[in-house]
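A short worksheet on the structure shown next.
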Amino acid sequence: MFISKKTAIVMLVLLLAACGGGGSGGGSDTSSSDSSSQQNTTSNQVEESTPETSTPEATTMLVTSEDFTLETTAKLSVDVTIKALDGERAYVNICHTNGDGNIDYSNCLVKTPLTNGEYTSDVTIGNEVQVLAMQVWRYSETDEPINFLWQRSNGLLWSINI
Amino acid sequence: MCYKNVNKLLLTVILLIASKSQATPFESCPSEAFLVQDTVARIYGVNLATGFYEELSDSMGTSGKINAAGFNTYDNYLYGWGYEFQTVVRIDNAYQATPIQVTNLPGASFYVGDVSLSENAYYMYRKGGSYGLYRVALDEEADDFAVAERIVDGSALNLNIYDMAFHPQNGDFYSVDGGGNLIRVNSETGSSSVISNVDQQGTFGAVYFDLSGYLYISRNSDGYIFRIDTSEESPVAEFFAFGPSSGNNDGARCALAPIVSEDSTIDFGDAPESYGTSIENNGARHELSDDLFLGGAQSEDDGIDFVTGFESGLDTLINVNALGEGYLSAWVDWDQNGTFDSNEKVVDSRYLSSGPTRVLLEVPIDAVEGSTWCRFRYSSTEDIGPNGGVSDGEVEDHEIDVTSSGVSIVTYPSENNFVTLAYEDNWPALGDYDMNDVVLAFQTRQYVNELQQVIRYDIKGRVLAIGASYHNGFAVQLDNVPSGNVDELLMRYDINDQAQSTSALEQNDANDDAVIIVTQDLWDHVSAQNSCSYYRTQDGCEAEQRFEFSIAVPLIEPIAIENAPDTVLNPFIFATPGTYHGDGFDSHPGRGLEIHLKNKKASARFNTAFVGMADDESRPEDSKWFLNVNNMPWAIELPTLWNHPKERVDILDAYPEFPEFVESEGQQKTTWYTSSRAVNDRIISNN
């Protein structure tokens, strides 16, 4: 049978005591490169200096809030208005870019008809996503597509109004 | 597109020519066919699979024709009839013909011949009472070496044939006459029989066998290569490839070689097998060429961009990127019957020049909605079909979605990416937080109509690791979508691309949230190999086994997008019924034991008696689920393919930024899970 919570807490305290109260032992493995993490840190978020606290030795010691689900995504609000396409059939693709920086049609997040030149949506993206491309097509073999680029540094609102 | 390696025969031959001081045989039994043409003999190498051919030599040491050629598997030389020498010639690996002084010849030339596979002897045939079928022993040790022996006279064996080929197993030779009759001849007696009419007429100047008993016949007038399965009761000729045409054609081939060698460079399609993707089913195939293909690379399906959706009854626009001038043809399986039918050709030999071209297609109003396949073929050959071989270009197969008009498709995280779901399966007790008891790659897709209502979900994924001995199933709940609102009849449930006969919809009360059961037990699909205790969580145990799932879940009544579940949905693992799940339970907990992402609600089958046991601090009444006293979860979602920690490596030892991310509630170290943040020797790679 599962042990009671009281017993478990007593055991946890004993474990902590045995480990030196959750001290900083074993810190060498956890001293990550701050410079590299700074590079990938999103500019719309404020990176605080690392607080002077002891480094947890085990995930069992980590504490967080009950509402934080450890999500690693954010919602990007996409708001498109293209007046020139009002009343015309068109199509919008929101995709990742490939190694050449071009839109990658094998890796799209959203594919949608554009109604009256307008489209709004919240698109969920991983924290590691830095760039997205949007391409808007008329149904024509001769017209060039309209291109837009979003970068993380632009913030989480992608507003297009032309 | 997949491809196989380049044929090295030419290189071998060149090297051998360079070092030639005297006649030497071929090194081995080559898979390509030989074609001898022209009044001054030239020899070509032909890949029968694609029709690709190239000249091997324009100077064979003779001023005349060579015909009736055959490959001798006893000495690895080619043999044929030399018109200049008026006798049998032996052709070495430098393609030089040397006459053999054969006695007892009838004083005429021969253009039909081959070397037996069951004896070291050359056979040649000419119709007419003064000639017939002759055998010439090639074994220099034999008493009858180089003596022509008539088997039957050419009035008794009266055939209008232009080449012959010995079957690799039964010892008889075969040919197809001008009227399309497939003829089998017993070489010992000269008796013959017509097996069938193969439904193709013409002068078949080159015929060959492969190891499987397929007969290949090449028509002089157009170069078409047909394949005939001689094991069938009434064989017919199936178009196989576009080969070289010629007024004077003779073929030879080592029948003991497979038609596609391991070294050949052939591009096949990647659609499911029913569409034709292998040599066995005469699938679409192209000899790879450096100057004619789609996209930026020959070996990748990167030449076609579907820049608009496939909405039934409306046009769709595709962007084609080609290298080199050629003809584009395309097919879409609109009726989803698993084949490209003749009325499903959507681009018909459209001439393209190098660069991008936009092509507007019409999606039929009666196109079946859902996932289907299309095929694009690019070649210098016009009028090709959806199957068969061509000598250049590329084939690209793509899976597409056909929807009704106005439908948007939202893929999470994106079409080519997966999120990772990582579970500790010791709930309600704490585990070791290596987060690898169950690890899955997972993707969802939401189809939204023009009224902003969700009409269908697709889920797909694959198992990445199982680091636990407990048996767990995997399921996905559609929160707030009643089970009765799932259109079960139209669901699709595939495992490893095979349609499953069972329903993936769990049979719950119609008002309960719908639960899609991917599998009752993940261990049914993968296993610990060799000395590994688990699947892909230990050093030396990284090899992947295939367990991929794909499930389409159409809804009966569309749901307003603001009320519909989205992104990761509610995926969970559950204890496989009837299996042990730890000493904490008096009896096997079974389906009632569920482990979800933090604060994702349990299903109607969840056993609420487990709430609050051991380390669990769930409070369903407050919508707080699957968290411990520190508010830490038993399951996490990462937004990309994640390299999970090895067995018994705490996640914070594998990802040192994890603690700061957790304790800052996601404000710091927001990309802690990426490859560059990992301690490399503590993780198993999934990228």
Side-chain angles (χ1 to χ4, degrees), chain A residues 1-3 5 8 29-32 36-37 40-42 45-48 50 53 55-73 89 91 93 95-96 104-113 115 121 123-129 135 137 139-142 145, chain B residues 305-309 311 315 317 358-360 406 408-417 428-430 433 450 567 583-584 586 597-599 613-615 624 627 630-633 636-640 650-653 656-657 659-660 662-663 665-671 673-674 676-677 679:
Chain A
M1 285 294 288
F2 286 112
I3 56 175
K5 291 209 180 76
D29 287 334
T30 55
S31 58
S32 64
S36 62
S37 63
N40 277 16
T41 301
T42 61
Q45 293 168 324
V46 179
E47 186 76 12
E48 297 165 3
T50 307
T53 56
T55 306
E57 288 186 336
T59 297
T60 49
M61 298 173 184
L62 298 181
V63 180
T64 193
S65 70
E66 62 179 15
D67 289 328
F68 178 52
T69 59
L70 278 61
E71 69 268 15
T72 42
T73 58
R89 192 168 171 240
Y91 201 87
N93 303 279
C95 312
H96 288 281
D104 179 0
Y105 272 98
S106 71
N107 203 8
C108 296
L109 294 76
V110 176
K111 295 178 168 181
T112 180
T115 308
S121 175
V123 180
T124 302
I125 55 171
N127 290 343
E128 81 288 356
V129 176
Q135 210 162 43
W137 290 82
Y139 285 76
S140 153
E141 291 189 354
T142 53
Chain B
D305 291 335
F306 301 96
V307 300
T308 67
E311 302 169 65
D315 286 344
L317 188 66
R358 278 133 211 178
V359 179
L360 209 51
S408 309
I409 302 172
V410 180
T411 308
Y412 177 75
S414 61
E415 289 170 332
N416 235 0
N417 286 343
L430 284 181
Y433 276 115
E450 51 200 349
T567 63
D583 292 335
D586 288 335
L597 297 166
K598 182 179 168 183
N599 293 344
M613 284 176 68
D615 301 301
K624 301 297 179 240
L627 69 175
N630 291 338
N631 296 317
M632 289 296 287
I636 56 173
E637 174 208 343
L638 297 313
T640 186
D650 190 311
I651 184 173
L652 61 68
D653 289 328
E657 295 182 356
E660 194 175 342
V662 169
E663 296 192 326
E665 298 182 25
Q667 297 304 303
Q668 306 293 333
K669 308 299 184 193
T670 56
T671 57
Y673 53 87
T674 53
S676 63
R677 304 293 194 266
V679 179

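Quick note on labels: first sequence line is chain A, next is B, and so on, each numbered from 1.
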To the closest 0.5 Å, what do you measure between [atom1] ([X]) and [atom2] ([Y])?
| X | Y | atom1 | atom2 | answer |
| --- | --- | --- | --- | --- |
| Glu71(A) | Lys598(B) | CD | NZ | 9.0 Å |
| Leu627(B) | Thr69(A) | CG | OG1 | 11.0 Å |
| Thr73(A) | Glu637(B) | OG1 | CD | 6.0 Å |
| Met632(B) | Thr64(A) | CE | OG1 | 7.0 Å |
| Leu638(B) | Asn127(A) | CG | CG | 10.5 Å |

Exercise: identify the closest heavy-atom pair between [X] and [Y]:
| X | Y | value |
| --- | --- | --- |
| Pro659(B) | Leu62(A) | CB-CD2, 3.7 Å |
| Pro639(B) | Gly126(A) | CB-CA, 3.5 Å |
| Pro145(A) | Arg358(B) | CD-NH2, 3.8 Å |

Using a 4.5 Å cut-off on heavy atoms from C-beta on, say whether the side chain of [Y] contacts that of [X].
| X | Y | value |
| --- | --- | --- |
| Asp315(B) | Arg89(A) | yes |
| Ser676(B) | Glu128(A) | no |
| Tyr105(A) | Val307(B) | yes |
| Tyr139(A) | Thr308(B) | yes |
| Asp305(B) | Trp137(A) | no |
| Asp653(B) | Glu57(A) | no |

Quick check: does any side chain N or O of Asn630(B) sit under 3.5 Å from a backbone N or O of Thr60(A), one acting as donor and the other as acceptor?
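Checking the backbone N and O of Thr60(A) against the side chain of Asn630(B), a donor-acceptor pair under 3.5 Å is found.
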So, using side-chain contact (heavy atoms from CB on, under 4.5 Å) as the criterion, who are the partners of Asp104(A) when residues are at least two apart?
Asn98(A), Ser106(A), Asn107(A)
Should Thr59(A) and Asp650(B) be marked as a side chain to side chain donor-acceptor pair (under 3.5 Å) after you check the CA-CA gap, both sets of side-chain angles, and the distance that decides it?
CA-CA 7 Å; Thr59(A) 297; Asp650(B) 190 311; 2.4 Å; yes
Hey, are Glu665(B) and Ser65(A) close enough side-chain-wise for a donor-acceptor pair under 3.5 Å?
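On atom types as modelled, these side chains qualify, holding a pair under 3.5 Å.
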What residues form a salt bridge (Lys or Arg N to Asp or Glu O under 4.0 Å) with Glu66(A), not counting sequence neighbours?
Arg619(B)
If we define contacts as heavy-atom pairs under 4.5 Å, which of Val123(A), Thr112(A), Leu70(A), Thr124(A) has the most with chain B?
Leu70(A)
Under 4.5 Å from any heavy atom of chain A, what part of Leu360(B) do you find: side chain, backbone, both or neither?
both
